[in-house]
S.K.: 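This structure is in structure tokens; I'll ask about it shortly.
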Number of protein chains: 2
Amino acid sequence: MPKYIYNFGGDAAEGREDMRNSLGGKGAGLAEMTNLGMPVPPGFTITTEVCTYYMENESYPDSLEDDARQSLEYVEGIMGARFGAPDNPLLVSVRSGARVSMPGMMDTVLNLGINDTIIEGLIKRTNNPRFAYDSYRRFVQMYGDVVLGVKPKDKKDKDPFETALEELKEQRGVKKDLELTAEDLKGLVATFKAIIAERSPVPLPEDPWEQLWGAIGAVFQSWSTERAIAYRRLNNIPEDWGTAVNVQSMVYGNINDDCATGVAFTRDPATGEKVFYGEYLTNAQGEDVVAGIRTPLQISELKVEMPDIYDELEGYYQRLENHFHDMQDMEFTIQDKKLWMLQTRSGKRTGLAAVRIGVEMVDEGLITPHDALKRIEPEQLNQLLRPVFDGKEKKKAIEEGKLLAKGLNAGPGAASGMIYFNAESAVEAKKIEDDKDEKDQSEIILVRIETSPDDIKGMDASSGILTARGGMTSHAALVARQMGKVCVAGCGELNIDYQAGEMRVAGKVFKEGDFISLDGSKGEIIEGSLKTIPSEIIQVLIEHTLDPKDSPIYNIYSELMGWADEERRLKIRTNADQPDQCRVARAFGAEGIGLTRTEHMFFGGNRIMAVREMILADNEEGRRKALDKLLPMQREDFLGIFRVMNGLPVTIRTLDPPLHEFLPHTDAEIEELAGDMGIAPSEVKTKVEALREMNPMLGHRGCRLGNVYPEITEMQARAIIEAAVMATKEGVKVEPEIMIPLVGFPNELKVQEQIVRKVANEIFEAEGIKVDYLVGTMIELPRAAIVADQIAEVAEFFSFGTNDLTQTALGISRDDSRGFIPYYLDHKIITDEPFQTIDQGGVGKLMEWGVEKGRTTRSNLKIGICGEHGGEPRSVVFCHRIGLDYVSCSPYRIPIARLAAAQAALQDK
Amino acid sequence: MPKYIYNFGGDAAEGREDMRNSLGGKGAGLAEMTNLGMPVPPGFTITTEVCTYYMENESYPDSLEDDARQSLEYVEGIMGARFGAPDNPLLVSVRSGARVSMPGMMDTVLNLGINDTIIEGLIKRTNNPRFAYDSYRRFVQMYGDVVLGVKPKDKKDKDPFETALEELKEQRGVKKDLELTAEDLKGLVATFKAIIAERSPVPLPEDPWEQLWGAIGAVFQSWSTERAIAYRRLNNIPEDWGTAVNVQSMVYGNINDDCATGVAFTRDPATGEKVFYGEYLTNAQGEDVVAGIRTPLQISELKVEMPDIYDELEGYYQRLENHFHDMQDMEFTIQDKKLWMLQTRSGKRTGLAAVRIGVEMVDEGLITPHDALKRIEPEQLNQLLRPVFDGKEKKKAIEEGKLLAKGLNAGPGAASGMIYFNAESAVEAKKIEDDKDEKDQSEIILVRIETSPDDIKGMDASSGILTARGGMTSHAALVARQMGKVCVAGCGELNIDYQAGEMRVAGKVFKEGDFISLDGSKGEIIEGSLKTIPSEIIQVLIEHTLDPKDSPIYNIYSELMGWADEERRLKIRTNADQPDQCRVARAFGAEGIGLTRTEHMFFGGNRIMAVREMILADNEEGRRKALDKLLPMQREDFLGIFRVMNGLPVTIRTLDPPLHEFLPHTDAEIEELAGDMGIAPSEVKTKVEALREMNPMLGHRGCRLGNVYPEITEMQARAIIEAAVMATKEGVKVEPEIMIPLVGFPNELKVQEQIVRKVANEIFEAEGIKVDYLVGTMIELPRAAIVADQIAEVAEFFSFGTNDLTQTALGISRDDSRGFIPYYLDHKIITDEPFQTIDQGGVGKLMEWGVEKGRTTRSNLKIGICGEHGGEPRSVVFCHRIGLDYVSCSPYRIPIARLAAAQAALQDK
């Protein structure tokens, strides 16, 4: 007979962390903590198999009720209390716990096992009638809501329990729940019961066992609600996974002043520093710490208040880190001077902390470099590259008395911007800024007394977050760290008045739109906007203004990158069009250029005139005349790039965008051009009009230009090869790779290749010198991936252009996707923005086919990616998995790609 | 040892028609004719294997020269003349002949085996010095050009031989070659030789054997010219196929009046009538008949002039048709009263003739219905559906004296239009007409003395072609029949003056732009524009104004369609949006509707106002209000369609195009709408602007509309299902198939399907009646094809939207393709216009995957196609091959699709 229930508590648990499939995530975690010998409130987990059984048979396995009674007795034994016993009652919580968390599932019922008789025992035991009635009314409210389904009838209807609570407070003339007396709460229990009697066909059970059985049934039934089924259908979660149910004895941090509740970290989650770090509140519930309603005390205060407990807690923290080999985020509750551990899990941390903790744990011998590499999210490296305040300027500002206040350094980094007091106005302001020219844009800083989930969009729109209340584990601090935002939390000196729309601090008044600066690493709030300078890593690597030995951050970064480079198989190249960009890319570790866009060189002064002349020419002769002017400029560009990239491959793409992109569009521009070219403005206008396309993305661009106007490709091939020859003569080692874009039919490439080879041979013959070069193509149309075997007969390399491949495979214009993609993401119709991370199920399949077919024809085919996905970690891992040789990304994303490539390689081990 | 040379002539040939790979197309054809016992000028074919050998070894097989000498002796024996013998010389032609014809290959050298000595023998034998010197100068010219490479140096340079000829005519003061004397031509031979001596490094060989060997080498070398190699590379023709060389004795139709040359058909190629049909010219060369310089005589005249020859020829024609089981197009030459058969091949014919010949040959027992079905090009059926002149109106015009003249009925049909005298002005005029509204457009009629290949584009732009000279086999007549154009040829009464830009006939003068009418079936030229009425088939099937028994054409059509329907496996549906169209489609044999575009119903009067209201609504409530107005209209539309399609499936697609297509665009329209809606024009303008997209084809359209605005899908589902319920109550049998467009992610379909099913269930419950219906999707994005297995979990049917699938798979906007697709086709970068016929190598692969994956999930998945390719014969065959259940096309293409589907099924047998 299968085992349906697993107990935990005392000094042992029947379950283990690796039994998530049966116990769910929550159940497995509770079991593991118990096994580590920590004081976990005892309880038991009913397995997911029972859920499956229940769905199939609409009843429970025969033995279940007996098993549950036995498990409850086991819990009673440990707690020295009895479920349903009025003299010494055991109360329990009931929670669902599937393998993955899922909206629509029943969440929690607390304080279960109570009724009008039993509460007397609870009052006697705690000697706190107010606490007892508050617990009772919470039970009735939760049970009524989640088990009996007493909810608002529609969107306009209010929650009936909350309404009753508000009415009571109004009657009593009080504002806070805490101001209600035990008698008030007792009355509220009666009111709540009346609401249930009126609204629910089933009454609230008085019998504790019936309460428990009802709650368990509600969890299992919630697996089959319409909402849960729809969610699973959209997210491909199997129906038969089921959910587990956790029944656990209650412990309380809010009975009296010998009670407390808190959160602690084994290292500082903001900076990564190896210190025991945390905060707590006396006589409080866990949600009070997170909700930011009271600013909690530092954990060091606990040492003073309850030294024994502090010592016990401190005794656990290193053990937990050693066991899980990672920084832990622990929740604990102290009830009547007894410590209970409620949860431990890997702690969320900033990017800076992630890197520092990873590298230092390796140095401490706690984890291996592989572990460190696997654990750091590549995107987090971004935080190490962010600008910091210019030290001199900040010092000056502080000397001038502009330091307004200090708060908790909850999210490191530097942010200067305009303050806004609510999420909507922050989002609105961000939109206005985004529409400005980049140089005129300002950052947004969200200032709140405390934040809640309603503020997420506003936090996302902001660069910095400042709160008056709440600690390092408050909502604001947690979310800021997750989002990588600068955050100063719990700054009690702030006086924020939403009504007046102002913040008062240090005797000054700030309105919406005023500028302040936040140093999230130090917790400082400074008046006005402060200048930023590049991060230390950039100062060391690129600006050479900082000695490596003076920068611990650089050294951590460098150590991590070294490990990454040892592991990864993928090469990392960069997308760069100018020698300057190439220099930055090399400093970040680029091993070549994956994409030089020749058209980026077409803008600016003289050049655009020659380009326009070429486009407006009526015949080949006119085009050649204009191209002759462009040739020396392009050659000079390529020579500059070859010099910087000495010894590394350089992929240069021939002309790609629709020609009309280069044309003037305003009347003024048209007149100027017409004047310069000595033709009538109307003639220019006609030509521009003729070149306008309905769907330029699918128009006359890419190799379609070089095929219809071969002289363009000739000029570009000449510029590349002549530059390569010149560089070679200078002693530079060149590896040009000429890339033909937007090929769909193999012949398109054949014709272009013939042009390139012909020009190259002419130059080699004339110069008496030969340079090795490759001719290849972008794979950026579905057709190209489909006929990759034929294309590889000509192409010596492929480079996936995943921007265009995504647009065509999905039939979505990136420019026009805002009408539905955000809606799709919100409504879970799709899970990822396909222009951010490769759509592996669609675009990825085409890539796999392209690789497979290409290598069937040419086993040593060099294959890379140069779409913007090339710097996105999940996409990098995918590129590794399907066997690409390299990814190419913008210079500043190279460190991210290096780390992601290493993670990909480690997945193979 | 392999056999390198195959002789033919006398009463036998060593080769056969099925040896094309060795003998090339031409060599195999000559062998077969010989084997049939016809008098073919003897000769021999050097195989393609020799070409391969020559390329590999740069020399000929050892035995080749001996073999060739023996073969030449064999020819000499038959012809009673000797190669290189001055007393009785044998002259030969040398021609290349690969498996497929190929540009860049050497074509022909005639009269080879002549020199200053031998010509004397030729003069003696023919007693015609002018003929002999004309032959000699032609040989020198051709040999100089194609063997010795004496050609114009560049595009501006003129052909040196033609220049010398022109200069001579100018000296002599004559206009035509024929006016030059024997002495003149003798001098020209000397001039030509001097040109060769000056321009060619190698002199013109005097020795006949050297001449022959030089010409053979030139053929083989021409296989390896840059142009030929590039062509083969683009067209995937293997290098090792090689070319054969044909050496054949010359026969002449132009020595004296006992000579003639002609062309004959075993049936009338214009009407298909079973009569011996042809024309010839006495004392002429073959090219004179085709070039249209002289209008040839009807073959019946030959019976008078040379009764024995006529009898002999008549004796062959039925034998040839019986042998090849098809209408033959024969070339013959009479030299000194001896008949030589030079060629027989399946004759080109009009669509009308193709159908009539096919059906009649079956009735005669000559071929099977299968043969007939295979032989008729489906597109040719179009010609049977073309309008004809209104008999009454034409009679009236003739009575009014408007019949201008009669010519040859070379291309049947009726055409009225504006006349133009050269190709350029016809093309220009066509462009102007195409830019007009359809109702204001006029047809173009090209009028020429005779046509040449330079006129092709002008012929293509014209509906009718009229020539003053040339017969049924003239260039004009041949091309018109191939293109399916109306043509009256060889109307000697026309006096066309290109200089004056006018045509004089029947005492009247016509200028460019004047209207005439051509009855190509009768050869009549009528003044002015004549009204047309529908073809007989449409009169019978749709208008019911003609009794089937009075229309032979209808009966032929009907017989053919009957055979087609017996063979085909594919069902044929139609794309139709209105009951009228549905009626036409059923008359043509539609077996259901494959696509009803609901948005086509959105235009017109009241409706567009409601649609615009919906689009401009700021919220769901506003949209619902507008949708409520549309509901009854859409329901009425669907009910009308269900009634007509009683008993057949009807596929209805939910809203597809980008919403801004429905919006007003001009200022006037915007003002009107703003007025009607009681809002400011600026507000309308802002909304229109906000809806504008960069690439609308890839924008917010298709199911993306129904997903973001579910109320639209709700309304449409309601209209469809309510109409289906109403129809059912009327006793109509309905099979609605609701089709969701532009699905890329399976969830997009899941969400839409849930909406449809919910609405349907509500209606069924309310109405107390259930109607079977299907929910399916278009497969029109590459991603949809890739994840077809997942989509088929929801979709009950697929319909390939190959228009969009082509646009996305190839990354080509149909609207913007004119910048490069025509160039690609001209330059053979691609062989087919992908929006006309399915790109089988790219789009087709996605379709194959879609079918395979879809049926993996749902083995009985119904799959069709509703893109415009569904009515294109090659695409229909492809759809059959990959296992679709039906194709859907516009009503008038249904007969074509039925025939193509039958051909596809026959290919399986």
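Values reported hereafter were calculated over all heavy atoms of this structure, with side chains retained and with hydrogens, waters and symmetry mates removed. So that the names make sense, note that chain A is the first sequence line, chain B the second, and so on, each numbered from 1.
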S.K.: Heavy-atom distance under 4.5 Å between the side chains of B:Arg704 and A:Ile812, does that happen here?
M.R.: yes

S.K.: Non-hydrogen atoms of chain A under 4.5 Å away: do they reach the side chain of B:Val794, the backbone, both or neither?
M.R.: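 Just its side chain gets close to chain A.
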
S.K.: Assess the residue pair A:Asp839 and B:Phe745 against the criterion (side-chain contact (heavy atoms from CB on, under 4.5 Å)); give the C-alpha distance rounded to whole Å, side-chain angles, the decisive distance to 0.1 Å, and a yes or no.
M.R.: CA-CA 10 Å; A:Asp839 161 42; B:Phe745 299 92; 4.2 Å; yes

S.K.: Check each atom of B:Gln754 against the heavy atoms of chain A and say whether the ones under 4.5 Å are side chain, backbone, both or neither.
M.R.: side chain

S.K.: Please confirm whether the backbone N or O of A:Asn707 pairs with a side-chain atom of B:Tyr823, one donor and one acceptor, at under 3.5 Å?
M.R.: yes

S.K.: If you count heavy-atom pairs under 4.5 Å with chain A, which of B:Ile821, B:Leu705, B:Thr808 comes out on top?
M.R.: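 The residue among B:Ile821, B:Leu705, B:Thr808 with the greatest pair count is B:Thr808.
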
S.K.: Going by residue number, which parts of residues 688-698 of chain A are within reach of chain B, meaning a heavy-atom gap below 4.5 Å?
M.R.: A:Ala690, A:Glu693, A:Met694, A:Asn695, A:Pro696, A:Met697, A:Leu698

S.K.: Which region of B:Arg818, side chain (C-beta onward) or backbone (N, CA, C, O), has a non-hydrogen atom less than 4.5 Å from a non-hydrogen atom of chain A, or is it both or neither?
M.R.: side chain

S.K.: Taking side chain as C-beta onward, heavy atoms only, is A:Ile829 less than 4.5 Å from B:Glu748?
M.R.: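 Heavy-atom side-chain distance check passes, below 4.5 Å.
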
S.K.: Could you tell me which portion of A:Gln790 (side chain, backbone, both or neither) has an atom closer than 4.5 angstrom to a non-hydrogen atom of chain B?
M.R.: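 For A:Gln790, neither part sits under 4.5 Å from chain B.
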
S.K.: Do you know which of A:Ala809, A:Gly699, A:Gly744 has the most heavy-atom pairs with chain B at a distance under 4.5 angstrom?
M.R.: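 When all of A:Ala809, A:Gly699, A:Gly744 are compared, A:Ala809 has the most.
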
S.K.: Among B:Val843, B:Val787, B:Leu742, B:Ile830, which has the most heavy-atom pairs under 4.5 Å with chain A?
M.R.: B:Ile830

S.K.: Looking at chain B, which one of A:Gly811, A:Gly819, A:Gly841 has the largest number of heavy-atom pairs inside 4.5 Å, strictly under?
M.R.: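 Highest number of heavy-atom pairs under 4.5 Å: A:Gly811.
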
S.K.: Does any heavy atom of chain A fall under 4.5 Å from the side chain of B:Val708, the backbone, both, or neither of them?
M.R.: both

S.K.: Looking only at heavy atoms, which two atoms of A:Leu846 and B:Ile786 are closest? And how far apart?
M.R.: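 What the structure gives for the nearest pair is CG-CD1, 3.5 Å.
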
S.K.: Which pair of heavy atoms, one from A:Asn747 and one from B:Lys828, lies closest together, and at what distance?
M.R.: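 Heavy atoms only, the tightest pair is ND2-O, 3.6 Å.
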
S.K.: Counting heavy-atom pairs under 4.5 Å to chain A, which of B:Gln807, B:Arg783, B:Arg814, B:Lys845 comes out on top?
M.R.: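 Ranked by heavy-atom pairs under 4.5 Å with chain A, first place is B:Arg783.
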
S.K.: Should we say atom NZ of B:Lys687 is surrounded by more than 12 heavy atoms from elsewhere, each under 6.0 Å from it?
M.R.: yes

